[in-house]
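Notes follow the structure.
Note that ligands are numbered from 1 as they come in the structure, with each ligand's atoms numbered from 1 the same way. Because only heavy atoms are used, hydrogens play no part in the values below, and waters and symmetry mates are left out as well, while side chains stay in.
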Amino acid sequence: MSGNLYLVATPIGNLEDITFRAIRLLKEVDLIAAEDTRQTLKLLNHYDIKTPFISYHRHNEDVRQEELIQKLKEGKNIALVSDAGTPVISDPGEVIVKEAIKEKIKVIPIPGACALINALIASGLDTKEFVFYGFLSLNKKLRKEQLGRIQKENKTAILYEAPHKLKQTLKDLEEILENRQIVIARELTKIHEEFLRGTTSELIEKYQEPKGEHIILIEANQEKEQTKEEKMKKEMTLEEHYTYYEKQGFTKNEIIKKIAKDKGVSKNEIYQKFIN
Ligand code: SAM
């Protein structure tokens with residue numbers, strides 16, 4: 001029988017942020033596949049975990065994946081951990097998860113810290129619906145496309161960013177966001193944890209030398225997207241608007257009612273304009 005692939009969340013700064021179940025599993029599995037072995041070793045030492053570990057990162061993911069799948073098929077239990085937080089989220093793992101599922105190997109998530117969720121819950125922004133963009137692309141065309149989507153986004157948008165790229169990203173956001181509020185969640189669970197709130201321009205000014213780890217959260221665009229038709233109707237002259245509905249076979253009274261609704265004014269106002 002195959003072993004299980006456990007996706008184990010680890011702390012994002014504060015070593016206490018790990019579950020009893022995660023620690024037990026890290027002790028019990030046959031092998032830990034770690035994105036950053038040096039970082040993981042600190043955690044293992046802290047909790048006196050002696051399980052053998054090997055590296056599994058972006059640059060050896062394809063080769064390692066085959067090796068690990070083989071071990072899983074042989075019945076070994078493996079825990080996948082990333083540098084910090086929840087593996088597979090902007091971290092390696094997607095490849096092996098997909099392959100394990102294909103091979104009918106059980107994939108078991110072990111919940112714990114996830115940077116984006118903790119940034120979101122304390123951001124004060126809308127949490128009912130949100131969109132996670134991960135790291136913005138460095139490819140100019142793709143980045144522009146993503147920024148265009150963020151501009152129109154009617155849900156809270158969440159971005160991960162590296163400290164040395166934060167300023168540039170804030171400048172890019174400044175160009176598209178006008179007065180929308182953003183929140184920067186910095187150094188979560190660490191000594192210098194802080195939440196900075198304001199418009200992009202305010203935060204760029206406040207925040208000249210970003211240090212540590214950051215997440216950018218962007219308030220949803222509150223403007224409703226107008227349909228092409230709604231836009232067209234708003235831009236029509238009264239005469240054009242009248243003809244538009246006349247062609248559709250509406251009576252004079254119906255047309256006046258409809259124009260008033262489209263333009264957001266009273267029926268009487270439109271009626272008066274037609275009399276004059
Ligand atoms: N898989 C991890 C997770 O979702 O919890 C995130 C890994 S991703 C490679 C690293 C990014 O997550 C950082 O660049 C930063 O944007 C964010 N991050 C991780 N830990 C953080 C922390 N303690 N405070 C703020 N942001 C953090």
Handout entry: Side-chain heavy-atom pair I218, I150 within 4.5 angstrom cut-off
Key = yes
Exercise for the section: Report the nearest protein non-hydrogen atom to atom 27 (C) of ligand 1: residue, atom name, distance rounded to 0.1 Å. Expected result: E213 CB, 3.7 Å
Exercise for the section: Could you tell me whether some N/O pair between I215 and ligand 1 is separated by less than 3.5 angstrom? Expected result: no
Practice task
Salt-bridge test for R186 and E194: reply yes if a basic N is under 4.0 Å from a carboxylate O, no otherwise.
Solution key: yes
Practice task
Considering the heavy atoms of A84, write down every atom of ligand 1 situated less than 4.0 Å from one of them.
Solution key: 1 (N), 2 (C)
Practice task
Kindly confirm or rule out an N or O of L188 lying under 3.5 angstrom from an N or O of ligand 1.
Solution key: yes
Problem - Y160, F132, F135: member with heavy atom nearest to atom 3 (C) of ligand 1 - result: Y160
Problem - Side chains of D172 and L136 in contact at under 4.5 Å (non-hydrogen atoms) - result: no
Completion exercise
Any heavy atom of I89 under 4.0 Å from ligand 1? The part involved is both
Problem - Shortest non-hydrogen contact between I215 and A115, atoms and distance - result: CD1-O, 3.4 Å
Handout entry: Nitrogen or oxygen of T189 less than 3.5 angstrom from that of ligand 1
Key = no
Handout entry: Test item: side-chain donor near acceptor, Y133 and E153, under 3.5 Å
Key = yes
Practice task
List the closest protein heavy-atom neighbour of atom 16 (O) of ligand 1: residue, atom name, distance to the nearest 0.1 Å.
Solution key: H214 O, 2.5 Å
Fill in the blank from the handout: For G85, the atoms of ligand 1 under 4.0 Å from one of its heavy atoms are 5 (O)
Exercise for the section: Look at the rings of Y245 and H241 and say which category their plane angle falls in: under 30° parallel, 30 to 60° tilted, over 60° perpendicular. Expected result: parallel
Problem - Close N or O approach (D91, ligand 1; < 3.5 Å) - result: yes
Handout entry: Same cluster (ILVMFWY, side-chain, under 4.5 Å), L41 and L31
Key = no
Exercise for the section: For the pair R64 and E67, evaluate salt bridge (Lys or Arg N to Asp or Glu O under 4.0 Å) and give the outcome as yes or no after the intermediate values. Expected result: CA-CA 5 Å; R64 268 288 196 266; E67 212 177 294; 3.4 Å; yes
Practice task
Considering the heavy atoms of C114, write down every atom of ligand 1 situated less than 4.0 Å from one of them.
Solution key: 4 (O), 5 (O)
Handout entry: Sub-3.5 Å N/O-N/O distance, R186 and ligand 1
Key = no
Practice task
Could you say whether the N/O atoms of E161 and ligand 1 ever approach to under 3.5 Å?
Solution key: yes
Practice task
Run down the list A115, P11, A119, G212 and name the one with the heavy atom closest to atom 5 (O) of ligand 1.
Solution key: A115
Practice task
Could you say whether the N/O atoms of I12 and ligand 1 ever approach to under 3.5 Å?
Solution key: yes
Exercise for the section: With heavy atoms of S90 as the reference, note each atom of ligand 1 found under 4.0 Å away. Expected result: 8 (S), 9 (C)
Completion exercise
Taking only non-hydrogen atoms of K190 and a 4.0 Å limit, the atoms of ligand 1 in range are 23 (N)
Problem - Joint cluster assignment, V95 & I69, ILVMFWY side-chain distance < 4.5 Å - result: yes
Practice task
Drop me the distance from T10's OG1 to I23's CD1, to the nearest 0.5 angstrom.
Solution key: 11.0 Å
Practice task
Can you see which heavy atom on P87 is nearest to which on V8, and at what distance?
Solution key: CD-O, 3.4 Å
